[in-house]
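Below you'll find the structure, written out as structure tokens, and then a few comments.
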There are 2 protein chains.
Amino acid sequence: MGTHYRGPPEEVRALDVYIKLVRAAESLVAKVSRHVETFGLTVSQFGVLEALHHLGALCQNALGRKLLRTGGNITLVVDNLEKAGLVARERQKTDRRFITVNLTPRGRDLIAEVFPGVVEIIVKEMAPLSPAEQERLGLLCRKLGLGTNDKEVRNVS
Amino acid sequence: MGTHYRGPPEEVRALDVYIKLVRAAESLVAKVSRHVETFGLTVSQFGVLEALHHLGALCQNALGRKLLRTGGNITLVVDNLEKAGLVARERQKTDRRFITVNLTPRGRDLIAEVFPGVVEIIVKEMAPLSPAEQERLGLLCRKLGLGTNDKEVRNVS
DNA sequence: GAAAAATAGTTTAATATTAAATTATTCCAG
DNA sequence: CTGGAATAATTTAATATTAAACTATTTTTC
């Protein structure tokens with residue numbers, strides 16, 4: 001048993017859980033990252049493509065809200081996706097403040113190709129847990145007050 | 001119930017859990033981040049300071065392994081901490097490839113000041129879960145094969 | 001002992017992430 | 001109708017993160 005932090009049991013426990021949770025998450029994301037990078041994508045780019053794939057065209061603002069990222073970051077990630085020819089931007093006619101982001105045919109093909117592998121990896125990484133344990137884990141994470149509402153459930157990133 | 005991804009139940013479940021886990025982790029880290037930044041630190045800088053605080057002086061290599069970050073990244077984070085006068089680097093006499101990173105008195109004082117607040121936040125964020133649930137969450141995260149061994153348990157970052 | 005291999009740390013390049021400031025557009029109050 | 005407020009997107013600056021290439025030092029091989 002380590003001797004690093006000594007404090008009340010509830011503190012030690014909370015820190016313990018925090019570390020395990022963050023480590024688990026980082027490790028899973030790293031595995032997904034390694035997969036998508038074989039298709040020349042970063043996790044963030046994958047996240048945008050995946051959101052567009054499942055939800056259809058979205059304005060940048062909506063992308064940012066869905067992916068929990070700032071506007072400036074969305075601009076950068078979408079810039080790079082646009083450069084790669086995977087998405088196209090279109091300023092809305094009715095309200096020119098909004099820019100709609102669409103998958104290009106190439107983008108559509110790519111995400112359709114990449115996504116199943118991501119699913120496979122996630123299923124594989126979850127395999128050490130039984131279905132009931134997975135459900136339990138999901139519930140506990142959600143109970144932390146951090147869960148997603150239903151319409152965000154299957155958005156991988 | 002969302003209609004975004006349709007697939008076999010085990011796939012839907014795994015994705016569901018993945019998202020919740022990653023979201024939970026990101027949210028917790030964001031809260032810790034907001035706290036440490038009131039002391040002028042980033043989460044990564046805090047991670048280094050905290051490791052040095054609890055484990056004593058470490059070479060950069062060891063820091064990287066402990067924090068699961070690359071050498072290049074450690075160099076950058078430690079560069080910035082050194083610039084801020086919170087750590088000092090010292091090339092080892094016995095093997096000049098190694099650089100030992102030490103907390104300066106200022107760094108020591110700062111981490112001693114910051115750390116309790118971080119603990120408080122984490123305890124508070126874990127509060128929606130009972131002690132048993134917290135233990136359970138920790139076990140499930142660890143069961144994903146991603147747990148930390150004992151000597152890493154109380155290293156917050 | 002000399003050269004090759006291994007290892008620690010740094011540099012480089014590309015991408016990400018945030019907050020804050022800025023620009024452009026639309027909405028709202030008077 | 002006009003000016004101010006609100007909102008979407010971009011820019012700027014600072015920091016982070018990785019992989020790959022590079023430099024310096026030590027270890028290993030022959």
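Protein chains get the first letters and strands the later ones, always in sequence-line order, with residue 1 at the start of each.
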Self-check item: Test side chain to side chain contact (heavy atoms under 4.5 Å, CB included) applied to B:Leu129 - qualifying residues, sequence neighbours left out
Solution: A:Leu140, A:Lys143, A:Leu144, B:Glu133, B:Gln134, B:Leu137
Practice problem: Specify the residue among A:Arg96 and A:Thr70 whose closest nucleotide of DNA chain C lies further upstream toward the 5′ end. | Solution: A:Thr70
Practice problem: For A:Arg106, enumerate each residue passing the side chain to side chain contact (heavy atoms under 4.5 Å, CB included) test, keeping only those at least two apart in sequence or located in another chain. | Solution: A:Leu86, A:Thr104
Quiz prompt | Interatomic distance, B:Phe98 CZ vs D:dT27 C1' [rounded to whole Å] | solution = 11 Å
Practice problem: For B:Thr70, enumerate each residue passing the side chain to side chain contact (heavy atoms under 4.5 Å, CB included) test, keeping only those at least two apart in sequence or located in another chain. | Solution: B:Asn73
Practice problem: Give me the residues of residues 75-94 of chain B where at least one heavy atom lies under 4.0 Å from an atom of DNA chain C, by number, or none. | Solution: B:Thr75, B:Arg89
Practice problem: Could you list the residues that satisfy side-chain hydrogen bond (donor to acceptor under 3.5 Å, both in side chains) with A:Glu82, not counting sequence neighbours? | Solution: A:Arg89
Quiz item: For B:Lys93, what residues pass the side-chain hydrogen bond (donor to acceptor under 3.5 Å, both in side chains) criterion, not counting sequence neighbours?
Solution: none
Quiz prompt | Comparing A:Asn61 and A:Glu37 on DNA chain D - which has the more 5′ nearest nucleotide | solution = A:Asn61
Quiz prompt | Aromatic centroids of A:Phe115 and A:His54 separated by under 6.0 Å | solution = yes
Quiz prompt | Sugar-phosphate, base or nothing in reach of B:Thr42, heavy atoms under 4.0 Å | solution = sugar-phosphate
Practice problem: Measure from the side-chain heavy atoms of B:Asp95 and tell me the nearest of D:dT25, D:dA6, D:dA9. | Solution: D:dT25
Quiz item: Partners of A:Thr100 by side-chain hydrogen bond (donor to acceptor under 3.5 Å, both in side chains), sequence neighbours excluded?
Solution: A:Gln92
Quiz item: NA contact type, B:Asn73, heavy-atom cut-off 4.0 Å: base, sugar-phosphate, or nothing?
Solution: base
Self-check item: Residues which pass side-chain hydrogen bond (donor to acceptor under 3.5 Å, both in side chains) with B:Asp95, listed by chain and number, not counting sequence neighbours
Solution: B:Arg97
Quiz prompt | Span of DNA chain C in contact with chain B (heavy atoms, under 4.0 Å) | solution = C:dA6 to C:dT11
